[in-house]
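Below is one structure, written out as structure tokens, with a few remarks after it.
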Amino acid sequence: MRVLAFNNLQPVHAQIAGELRAAVQRVLDSGWFVLGPEVESFEEKFAAYHGGGYVVGVANGTDALELALRGAGIGPGEEVITVAHTAVATICAIERAGAVPVFVDIDPRTYTIDVDAAAAAITPRTRAIVAVHLYGHPADMSRLQKLARRQGLMLIEDCAQAHGARHEGQLVGTMGDVAAFSFYPTKNLGALGDGGAVLTRHAALAERVRGLRNYGQVRRYEHRERGMNSRLDELQAAVLGVKLAYLDEHNARRRHLAERYRTGLLGRGVPVTLPREESSSHHVFHLYVVRHPRRDRLREHLDRCGIGTLVHYPIPVHLQHAYRDLGYRPGSLPHTEQAAREVVSLPMYIGLTEAQVEQVVEAMAAPRWEAA
Ligand SMILES: Cc1ncc(COP(=O)(O)O)c(C=O)c1O
């Protein structure tokens with residue numbers, strides 16, 4: 001019997017049900033459902049949260065990344081350096097923009113892009129680096145900024161898992177040329193359906209993305225370039241406007257729960273590798289990921305205890321059947337492949353209690369699962 005689910009979105013929505021209902025009612029009463037005042041208001045609030053810049057609301061995080069790339073002028077045949085230890089969506093977006101993903105390994109301590117490996121992968125065809133702030137931990141943006149500047153590359157941030165995370169005090173999404181966010185319901189800032197946004201300081205890039213998300217339209221029925229339909233709807237924007245006000249509080253709660261996991265697991269001497277937070281970083285723990293060479297045994301044990309876990313991600317993108325034509329082989333990215341074998345995500349969500357964290361720690365402290 002499942003006593004603790006991996007994730008549960010009910011408690012967070014129960015906490016703010018009144019505000020959510022009012023927001024939904026407002027949209028119903030307005031009779032306006034796609035790209036309207038709620039989207040504009042959310043775009044302004046989300047930009048203000050990031051200290052300025054331009055936000056363009058779109059249909060989901062994958063589209064946000066594709067539009068960020070297209071807005072930045074990256075297109076067919078151009079190489080984009082990124083990681084294979086990410087949601088496959090990162091790669092879908094690069095290919096949908098027409099570009100060629102070039103995979104490099106991760107720094108195994110933070111699970112984010114290895115900057116030296118990225119530098120070594122640059123060719124005359126390289127146009128951009130997509131840094132993925134995986135699990136809520138920022139990539140090493142200061143080194144990436146220097147590299148991108150030196151090499152004349154665009155630096156693009158995939159912030160789908162890291163709303164509100166910081167590197168050297170700066171919010172993710174504000175350190176590259178352009179950034180993409182997902183508002184999938186489980187994200188640190190999640191809608192009640194799909195949603196996404198592009199954030200940039202460059203007015204012209206934002207204007208281009210604004211056109212591209214709406215069939216490439218610049219004025220009604222006037223199309224300057226070929227676009228797509230990727231619009232944020234009013235209901236999701238109204239909900240996101242409510243939830244944005246809680247983002248910092250929710251992230252603080254995730255950090256508190258992560259600290260409870262850390263002290264509990266260390267205190268009990270549970271032999272897993274804990275997530276690392278670089279001293280320059282403010283981790284927002286979208287996921288609480290530990291690792292152990294016998295990860296599958298640990299998962300089976302927790303499953304027997306009724307505790308849900310997931311693996312992000314068991315097959316790295318370069319070894320997925322769908323991407324076999326890209327020419328990578330087992331052994332191409334050793335740290336990525338080892339992480340894929342060893343990582344496991346423990347329950348982490350708003351509404352998870354300290355007692356439930358203790359329950360997971362208690363279950364992991366049982367010696368049985370480790371025995372040969
Ligand atoms: C790292 C990363 N990039 C991109 C995406 C794509 O977002 P969406 O599911 O909203 O398209 C996700 C979400 O799964 C993600 O985790």
Side-chain angles (χ1 to χ4, degrees), residues 6-7 9 42 46 55-70 80-97 99 101 103-104 106-107 110-113 128-139 141 144 155-165 172-173 176 178-199 209 213 228-233 235-237 239-240 243 254 283-289 310-318 320 322-323 336 339-340 343 345 348-349:
F6 172 70
N7 204 343
L9 293 174
F42 173 69
F46 201 53
V55 169
V56 185
V58 301
N60 55 65
T62 314
D63 284 0
L65 190 54
E66 176 187 344
L67 287 164
L69 287 154
R70 289 182 65 184
V80 174
I81 294 172
T82 194
V83 288
H85 188 63
T86 182
V88 77
T90 307
I91 315 312
C92 292
I94 292 170
E95 291 200 330
R96 285 267 305 271
F103 297 122
V104 297
I106 51 167
D107 172 343
T110 62
Y111 304 106
T112 60
I113 191 164
I129 299 172
V130 171
V132 183
H133 306 305
L134 204 72
Y135 305 153
H137 192 289
M141 289 306 291
L144 286 168
L155 181 55
I156 296 167
E157 296 178 76
D158 181 341
C159 303
Q161 300 192 4
H163 318 66
V172 300
V178 55
F181 289 84
S182 163
F183 304 125
Y184 184 76
T186 58
K187 302 301 190 201
N188 289 36
L189 177 58
L192 301 182
D194 276 315
V198 175
L199 167 67
V209 171
R213 79 171 163 182
M228 60 201 269
N229 175 356
S230 182
R231 302 176 297 218
L232 186 61
D233 70 69
L235 279 169
Q236 299 310 335
V239 164
L240 287 166
K243 290 182 79 177
R254 285 174 184 273
H283 195 321
V284 292
F285 293 97
H286 171 58
L287 295 168
Y288 192 84
V289 178
L310 283 178
V311 171
H312 299 89
Y313 297 91
I315 308 174
V317 184
H318 70 294
Q320 293 281 356
Y323 294 93
T336 294
V343 294
S345 308
M348 170 59 82
Y349 54 87

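All residue numbers in this chain count up from 1 along the given sequence. Any value given below was found using the heavy atoms of this structure, including those in side chains, with hydrogens, waters and symmetry copies removed. Note that the coordinates shown come from a computational prediction; the quantities given were computed from them, not determined experimentally. Counting starts at 1 for both ligands and their atoms, following the listed order.
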- Between E157 and A180, is there a donor-acceptor pair closer than 3.5 Å when you use the side chain of the first and the backbone of the second? no
- Query: Can you tell me how far the OH atom of Y135 sits from the NE2 atom of H312, to the nearest 0.5 Å?
  - Reply: 8.0 Å
- Query: Got the closest protein heavy atom to atom 8 (P) of ligand 1, with its distance?
  - Reply: G61 N, 3.4 Å
- Query: Is there a side-chain contact between F42 and L232 (heavy atoms, below 4.5 Å)?
  - Reply: yes
- Message: Under 3.5 Å, is there a donor on one side chain and an acceptor on the other for D158 and T90?
- Response: yes
- Message: On a heavy-atom basis, I'd like to know which of G190, G196, S182, C92 is closest to atom 10 (O) of ligand 1.
- Response: S182
- Query: Considering only the protein, which heavy-atom contact is closest to atom 3 (N) of ligand 1, and what is its distance?
  - Reply: D158 OD2, 2.7 Å
- Item | Distance from atom 5 (C) of ligand 1 to nearest protein heavy atom, with residue and atom | A89 CB, 3.6 Å
- Task: Mark up the atoms of ligand 1 that fall under 4.0 Å of a heavy atom belonging to V132, in ascending order.
- Result: 1 (C)
- May I ask you to identify the nearest protein heavy atom to atom 11 (O) of ligand 1, giving residue, atom name and distance to one decimal place in Å? T62 OG1, 2.5 Å
- Check step by step if ring-ring contact (aromatic ring centres under 6.0 Å, His included) holds for H163 and F181. CA-CA 8 Å; H163 318 66; F181 289 84; 5.5 Å; yes
- Give a yes/no on ligand 1: does K187 have at least one heavy atom closer than 4.0 angstrom to it? yes
- Would you say S230's side chain and V58's backbone share a donor-acceptor pair under 3.5 angstrom? no
- Task: Could you pull out, from Q161, H286, H85, H133, the option with a heavy atom nearest to atom 16 (O) of ligand 1?
- Result: Q161
- Message: What protein heavy atom lies closest to atom 2 (C) of ligand 1? Include the residue and the distance to one decimal.
- Response: A160 CB, 3.4 Å
- Item | ligand 1 to T86 polar contact by distance, N or O atoms, under 3.5 Å | no
- So with a 6.0 Å cut-off around OH of Y184, is the heavy-atom count from everything else above 12? no
